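In this text, all values refer to a predicted model and were calculated from it rather than measured experimentally. All ligand and atom numbering here is 1-based and tracks the order in the structure.
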Amino acid sequence: MLRIAINGYGRIGRSVLRALYENGHRDHFHVVAINELSDIDTMSYLTRYDTTHGRFPRPVNVEGNCLIIGDDSIQCFSCVEPNDLNWAELNVDMVLECSGSFSERERAQAYLDAGIPRLLMSQPAAADMDATIVYGFNQADIRTDHTIVSAASCTTNCLIPILDTLSTFAGVEHGVTQTIHSAMNDQPVIDSYHTKDLRLTRAALSSIIPVDTGLSRGISRLMPELEGKIGCNAVRVPTLNVSVIDLVIRTQRNVTKNEINQALQEAATLKYLGLMGFTQEPHASVDFNHDPRSVIIDGTQTQVIDGRMVKLLCWFDNEWGYANRMLDVAKHWADLISH
Ligand SMILES: NC(=O)c1ccc[n+]([C@@H]2O[C@H](COP(=O)([O-])OP(=O)(O)OC[C@H]3O[C@@H](n4cnc5c(N)ncnc54)[C@H](OP(=O)(O)O)[C@@H]3O)[C@@H](O)[C@H]2O)c1
């Protein structure tokens, strides 16, 4: 069983822990420790009650500096820097880095120096990490000698299976994406200061807010043949969870709406089974809250204009889908090491 720790117990860190108990992953992972800047009583409270995903499926208690979940005892720490904590003493096989604070290799390396053998990051990391993995697409790229791996972004996990399917079916010439993303914790409820982005000073509940996105970089890294061919924009909207990518692609050959939907439906039942969904129901975003899949294509919104311009609507639960993919990548990596 893999001994893991979670660093950063925010939306993704807590979703990872919950997914581990809800989706049968507890058989594969033992959570030894959580490091988060908050205090343990607040961590316990936010584990038990979650506005987006509901109550935690198991009893949660606090004993000293430990979170007690059923029979499991998880040590909790509050250290800002990796070397503030004696990680080696915890005998952890892998840290799931969910704080968003260590995207540069040099910063992430501090974990390895502090005694952690492997780090799985919850964000697209700098180019010099060992691998960027979209589970279902390229997990075979992980090697046993890798030490820092990124599970890419929620948007990359949503889009790559679609681009892969379209490339195989009709060829992708170029395209554009618009991500419509739920609010996140780097936005204030009412106007406030933000160090990196003026737009992120604006009240999350009152506006549709354009934000930077690294999705083009993510696509180029995973499908280098599409480098410079997909333009990406993103906006944040005042919803709690679930996002959607509006994708427009020019294919290399003529296609019909039915053919495209059929190809995507087939991918959802074969190569991307359990990771990609396809629906023709009249959905709203809230219907995909707590959906563990990376992407669900809304076939009712598919359009083909003039033979080669394909427009798709691709839903994803940016928290729950991504947390489940992190665990999939962690398990795949662990299996590789143990064989
Ligand atoms: N939310 C999503 O939909 C989503 C999806 C995919 C990937 N991601 C990525 O996952 C990362 C986390 O996102 P999130 O939405 O979970 O953010 P979040 O809710 O703000 O959680 C991050 C948590 O990490 C804590 N933290 C900050 N610095 C730390 C440190 N040095 N050591 C330990 N804990 C630290 C933060 O504490 P304080 O609040 O006290 O600073 C916060 O509780 C980001 O890189 C994000 O891009 C997010």
Notebook entry, point to check: Parallel, tilted or perpendicular for H181 and F316, by the 30°/60° rule?
Noted result: perpendicular
Under 3.5 Å between any N/O of [X] and any N/O of ligand 1: does that happen in this structure?
X	value
R11	yes
V80	yes
S101	yes
I12	yes

Within the structure provided, determine whether [X] and [Y] are in side-chain contact (heavy-atom separation under 4.5 Å).
X	Y	value
R236	S182	no
W315	D298	yes
M184	V211	no

Check: Heavy-atom distance from atom 39 (O) of ligand 1 to the protein below 4.0 Å?
Finding: no
Next item on the list: Scan the protein's non-hydrogen atoms and note whether one is under 4.0 Å from atom 17 (O) of ligand 1.
Entry: no
Notebook entry, point to check: Considering only heavy atoms, does C79 approach ligand 1 within less than 4.0 Å through its side chain, its backbone, both, or neither?
Noted result: backbone
Note to self: For E81, which part has a heavy atom under 4.0 Å from ligand 1: side chain, backbone, both, or neither?
What the structure shows: neither
How far is [atom] from its nearest protein heavy atom, and which residue and atom name does that atom have?
atom	answer
atom 21 (O) of ligand 1	G10 CA, 3.2 Å
atom 7 (C) of ligand 1	S122 O, 3.2 Å
atom 3 (O) of ligand 1	N318 ND2, 2.9 Å
atom 12 (C) of ligand 1	C98 O, 3.3 Å
atom 42 (C) of ligand 1	E36 OE1, 3.6 Å

Margin query: Nearest non-hydrogen contact with atom 19 (O) of ligand 1 belongs to which option: L37, N7, N185?
Written below: N185
Checklist line | Heavy-atom nearest option to atom 44 (C) of ligand 1, drawn from G100, A151, A152 | finding: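 Looking at heavy atoms only, G100 sits closest to atom 44 (C) of ligand 1.
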With no hydrogens and no angle check, just 3.5 Å: does a side-chain donor-acceptor pair link [X] and [Y]?
X	Y	value
Y111	N7	yes
D130	T147	yes
D317	Y322	no

Margin query: When you measure from the centre of the six-membered ring of F288, is the NZ or CZ of R293 closer than 6.0 Å and no more than 45° off the axis?
Written below: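 No, cation not above the ring by the 6.0 Å, 45° rule.
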Next item on the list: Let me know which of R26, R58, H30 forms a side chain to side chain donor-acceptor pair (under 3.5 Å) with D72.
Entry: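 That would be R26.
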